[in-house]
Amino acid sequence: MKFVSTRDASQLFSLEEALFSGYAPDGGLLVPQWLPQVDEATLHKWSQLDYLDLSVEVLYRFVQDDMSRNELHELLETALKGFDTDLKNLVPVVPMSLGGDNEAPNVFIAELFHGPTFCFKDFGLRVTIQWLNFFATRRNASVTLIVSTTGDTGPAAVQAVQDCNSSSRLGVLVHFPQGQISDFQRKQLTTATSTRVKIVAFQGGGDDMDVPIKNIIMTSKTNHTNDKNRVVCGVNSYNIGRPLMQMVHFVWTYLRVAERRKRDHPSENLRLDIVIPTGAMGNLAGCYMAKKMGVPLGILCAGVNINDITDVVFRTGKLERNVDQPMKKTLSDAINIQLPYNLERLLFYLTEQDHDQIRDWYSQLGGPGRCCDISTSNRWWSKLNSEFQSARVTDEEMCEAMRSTLHQYGYWADPHTCVALAAAKKLGYWNEKSIPVAIMATAAPCKFQEAMTKALGVEQWQEYERLHFPTRGKILNEMKEIPTTVYASDATKTLAENQRDWEAKARELIEQFS
Ligand SMILES: N[C@@H](CCOP(=O)(O)O)C(=O)O
């Protein structure tokens with residue numbers, strides 16, 4: 001299997017090159033040359049597997065030219081260590097909640113947050129970073145990973161790097177928007193003591209570091225040339241390693257829901273809709289890829305907060321990066337995004353892999369009008385409307401969803417999961433007659449004391465702390481934070497000018513990694 005740019009099929013990349021590049025040389029995103037297809041019989045076989053073996057089955061189809069099945073198995077086993085385990089099989093699991101015998105029999109929750117940093121990012125990042133470590137060792141390279149985080153990606157990347165073997169030559173530089181992540185998330189970053197980790201706070205909004213990071217990756221002499229010994233590489237979800245691994249939890253979720261429904265609906269051909277709290281769209285891209293491989297998923301829904309670009313695109317077809325509008329602070333900061341890079345992968349599969357169409361749309365986005373309009377193509381616009389939906393959720397609506405889920409079902413959900421829960425309700429799923437739907441629970445409540453307290457009140461937060469707060473989280477709360485470097489924002493400058501300054505600073509820090 002080779003990988004190609006969403007904007008051009010003529011240049012082929014190996015898995016190793018794709019992972020180290022992050023972005024394609026033409027600025028597009030890398031995708032597998034084709035998506036292997038799975039049929040009903042294969043899904044039936046997969047339904048018997050534990051999470052590790054299912055991951056091997058799904059991913060081996062994409063990586064078999066680059067590593068053996070045993071190497072992949074070993075690598076995934078290492079990556080998935082540190083997850084909460086199923087006592088019988090000693091493998092990481094995505095537990096399913098709700099569904100079945102309650103007032104919302106068709107609403108299932110897939111808990112993706114049982115990894116070392118309490119969020120779904122642990123899946124994609126731990127595997128991508130293990131892959132990078134594997135190839136770095138093979139080519140004897142030192143690799144600097146560069147990351148922009150709105151709270152969840154950064155901690156997962158830091159933990160994954162720290163958990164690599166001691167001879168690993170991977171380092172990571174993480175940027176977070178100052179004051180816009182929770183205290184717990186900040187501590188996950190600022191308590192890291194490894195010399196292979198550097199943490200920076202920047203005085204901008206959620207994804208304002210994406211442009212400087214993309215410039216660094218695209219101009220890094222080492223990535224698209226032959227200097228293979230020193231690589232600067234991005235591991236946000238534009239990196240194909242992330243959605244590849246993130247496909248697995250959608251396959252798993254489908255299989256588990258199908259299994260649970262078999263008793264009451266023995267002759268059902270399940271078509272499962274999915275609702276995802278959506279920021280940069282890495283999960284939505286992984287989900288759509290799983291659907292395109294043949295997993296019977298139905299409508300894919302994005303729940304977004306008031307930073308609502310995805311909702312605007314899905315409702316109007318217009319994609320525009322409005323640089324004059326600063327990021328709005330929300331109680332679900334981890335999905336504060338102004339330009340979701342994985343929309344490009346979504347549109348790529350929506351257009352049945354039409355590289356020319358994607359190149360055309362994205363050149364309009366970078367051009368004078370800085371807007372592309374998907375609705376001008378009847379074919380793709382109606383397809384988008386039939387395959388995707390979205391709902392915009394305010395903080396108040398998110399808080400209400402948190403309260404009602406707790407009071408009705410005794411279920412503690414974090415603010416991002418509650419964006420998806422509220423979106424599901426708005427989209428008409430949350431009733432007895434709705435078709436089956438799975439909501440992706442992307443993070444654990446322990447990461448969001450402030451937001452949880454605002455929604456539920458102090459007493460209920462204290463109850464959560466007493467009964468459910470994970471021990472690893474308690475240990476983190478006691479740890480001492482290390483002061484971070486800050487990239488200041490100069491109020492007399494435009495965002496683009498500040499971004500240029502931050503880029504220069506990031507380049508200096510990258511130089512400090514040996
Ligand atoms: N929402 C993220 C930042 C961007 O997402 P990613 O999945 O592309 O890494 C975060 O919480 O850090």
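Atoms within a ligand are numbered from 1 in the order they appear, just like the ligands themselves.
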With heavy-atom distances below 4.0 Å as the criterion, list the atoms of ligand 1 near [X].
| X | answer |
| --- | --- |
| Ala280 | 5 (O), 8 (O) |
| Arg242 | 6 (P), 7 (O), 9 (O) |
| Thr149 | 10 (C), 12 (O) |
| Gly151 | 10 (C), 11 (O), 12 (O) |

Exercise. May I ask you to decide if the ring planes of Tyr464 and Trp412 are parallel, tilted or perpendicular, using 30° and 60° as cut-offs?
Key: tilted
Practice problem: Please work out which of the three classes, parallel, tilted or perpendicular, describes the rings of Phe83 and Phe123, given edges at 30° and 60°. | Solution: tilted
Quiz item: Tell me: protein heavy atom nearest atom 11 (O) of ligand 1, and distance?
Solution: Asp152 N, 2.9 Å
Practice problem: Identify the residue among Tyr362, Phe348, Tyr238 that makes a ring-ring contact (aromatic ring centres under 6.0 Å, His included) with Tyr341. | Solution: Tyr238
Exercise. Using a 4.0 Å heavy-atom cut-off, say whether Ala334 meets ligand 1 through its side chain, its backbone, both or neither.
Key: both
Quiz prompt | Side chain, backbone, both or neither: Tyr238 near ligand 1, heavy atoms under 4.0 Å | solution = neither
Exercise. Look at atom 3 (C) of ligand 1 and find which of Val235, Thr150, Asn239 reaches it with the closest heavy atom.
Key: Thr150
Exercise. Name the option, out of Pro340, Ala156, Pro243, Ser237, that contains the heavy atom nearest to atom 8 (O) of ligand 1.
Key: Ser237
Quiz item: Judging by distance only, is a nitrogen or oxygen of Ser148 under 3.5 angstrom from one on ligand 1?
Solution: no
Quiz item: So do Glu344 and Trp361 actually touch side chain to side chain, heavy atoms under 4.5 Å?
Solution: no
Quiz item: Do Trp380 and Leu384 come within less than 4.5 Å of each other through their side chains, counting heavy atoms only?
Solution: no
Exercise. Give a yes/no on ligand 1: does Lys121 have at least one heavy atom closer than 4.0 angstrom to it?
Key: yes
Self-check item: Stepwise ring-ring contact (aromatic ring centres under 6.0 Å, His included) check, Phe13 with Phe3
Solution: CA-CA 5 Å; Phe13 300 90; Phe3 295 81; 9.1 Å; no
Quiz item: Should the pair Glu397-Lys426 be classified as a salt bridge under the 4.0 Å nitrogen-to-oxygen rule?
Solution: yes
Quiz prompt | Lys474 charged N/C atom sitting above Phe469 aromatic ring, 6.0 Å / 45° | solution = no
